[in-house]
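One structure is given below, encoded as structure tokens.
Atoms within each ligand, like the ligands themselves, are counted from 1 in listed order. Worth knowing before you read on, the calculation uses all heavy atoms, side chains too, and leaves out hydrogens, waters and symmetry mates. Every value quoted in this text rests on a predicted model; they were computed, and no experiment measured them.
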Amino acid sequence: MSVEPPRPLVAGNWKMNGLKAQTAVLTEILAGYVPALRSRVDLAICPPATLVGRFTEMAAGSAIGIGGQDCHAKAAGAFTGDLSAEMLADMGATYVLVGHSERRQYHGETDSEVAAKALAAHRAGLVAIVCIGETKDEREAGKTLDVVRTQLAGSVPDGSTSQNLIVAYEPVWAIGTGLTPTASDVEEVHAVIRASLGALVGAEEQGRVRILYGGSVKPSNAAELMAVPNVNGALVGGASLVAADFLGIANAYHA
Ligand code: 13P
């Protein structure tokens, strides 16, 4: 497993934030993605679905990827209010988040539903960013590693490769709270994810899949978190809504 670490990705998840006026944030991010930064780190923004089309147009030719925040497992049909992976791809998206803890928590998504969504992403040619992570109660009960192993095994579909799968480890208790695990806690969990990937993507691909850390990543803690072994980038919520903060996080790779 002594392969070179994968090229890092810093991805922003805007959640249910962003009106047309916030397109200025993307303009600023595009301007700040200078060649020296671009040579070291990939960037992506997952805005609300209402802005995906506009953002793909704005980001065309920039190497900043645009993604959705969720997709339905089916390609089309009578599913009012839902969006398919094909629709996101049709708008120019290249990524989609699946199984974010807010989807699991507020929409009751299970691991097998998340796997079906990730499979839909692959069918449509999108990279699935599969999110996993333990709750505060699970961490306090010492179940973190078991939870992460179970979620990963249940949420990653057959046919996953380093080209169509990214894993995001986001401890639920760290999301939007300002709390983060210690670097050694992150290292422990990411090592378990890396080890578990062997059975899911095969030994050859195991070391190539990007594993992102998410949960209260800010410019002030990014350098420490991004330096942890097996952390191949970040999934950023709140700080991705402010161009200077998002770029400040990406700059952890520029030092
Ligand atoms: P925060 O960065 O706001 O903690 O959110 C993390 C997250 O949920 C990204 O998907």
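Using a non-hydrogen distance threshold of 4.0 Å, Ala174 registers as a contact of ligand 1. Ligand 1 is approached by Gly215 to a heavy-atom distance shorter than 4.0 Å. Within the structure, ligand 1 lacks Lys218 among the residues with a heavy atom less than 4.0 angstrom away. At least one heavy atom of Ser216 sits less than 4.0 Å from an atom of ligand 1.
In this structure, Lys74 places its NZ atom where only 12 or fewer heavy-atom neighbours from other residues, nucleotides or ligands lie under 6.0 Å away.
Taking 4.0 Å as the cut-off between side-chain N and carboxylate O, Asp137 and Lys143 do not count as a salt-bridged pair. Using a 4.0 Å cut-off between charged side-chain N and carboxylate O, Arg54 and Glu57 make no salt bridge. Under the 4.0 Å criterion applied to side-chain N and carboxylate O atoms, Glu140 and Lys136 are assigned as salt-bridge partners.
Remark: aromatic rings of Trp14 and Phe55 are close, center separation under 6.0 Å.
Atoms of ligand 1 lying under 4.0 Å from any heavy atom of Ile175, numbered from 1 in the order shown and given with element: 4 (O), 5 (O), 6 (C), 8 (O). Heavy-atom contacts of Glu170 reach the following atoms of ligand 1: 6 (C), 7 (C), 8 (O), 9 (C), 10 (O) (cutoff under 4.0 Å). Against a heavy-atom cut-off of under 4.0 Å, Leu235 is close to the following atoms of ligand 1: 9 (C), 10 (O).
Within the 4.0 Å heavy-atom criterion, the part of Asn13 lying near ligand 1 is the side chain and not the backbone.
The shortest N or O to N or O distance between Glu102 and ligand 1 is not under 3.5 Å.
The ring-ring contact (aromatic ring centres under 6.0 Å, His included) analysis of residues 68-92, with sequence neighbours excluded, yields the pairs His72-Phe79. Sorted by first and then second residue, the ring-ring contact (aromatic ring centres under 6.0 Å, His included) pairs with a member in residues 200-239 form an empty list; sequence neighbours excluded.
With atom 1 (P) of ligand 1 as the reference point, the heavy atom nearest to it among Gly214, Ser240, Gly237 is part of Gly237. Nearest residue to atom 4 (O) of ligand 1 from Pro171, Ser101, Gly176 is Gly176 (criterion: closest heavy atom).
Among protein heavy atoms, atom 3 (O) of ligand 1 sits closest to Gly238 N, 2.8 Å.
Using modelled atom types, one finds a donor on one side chain and an acceptor on the other under 3.5 Å when comparing Arg194 with Asn232.
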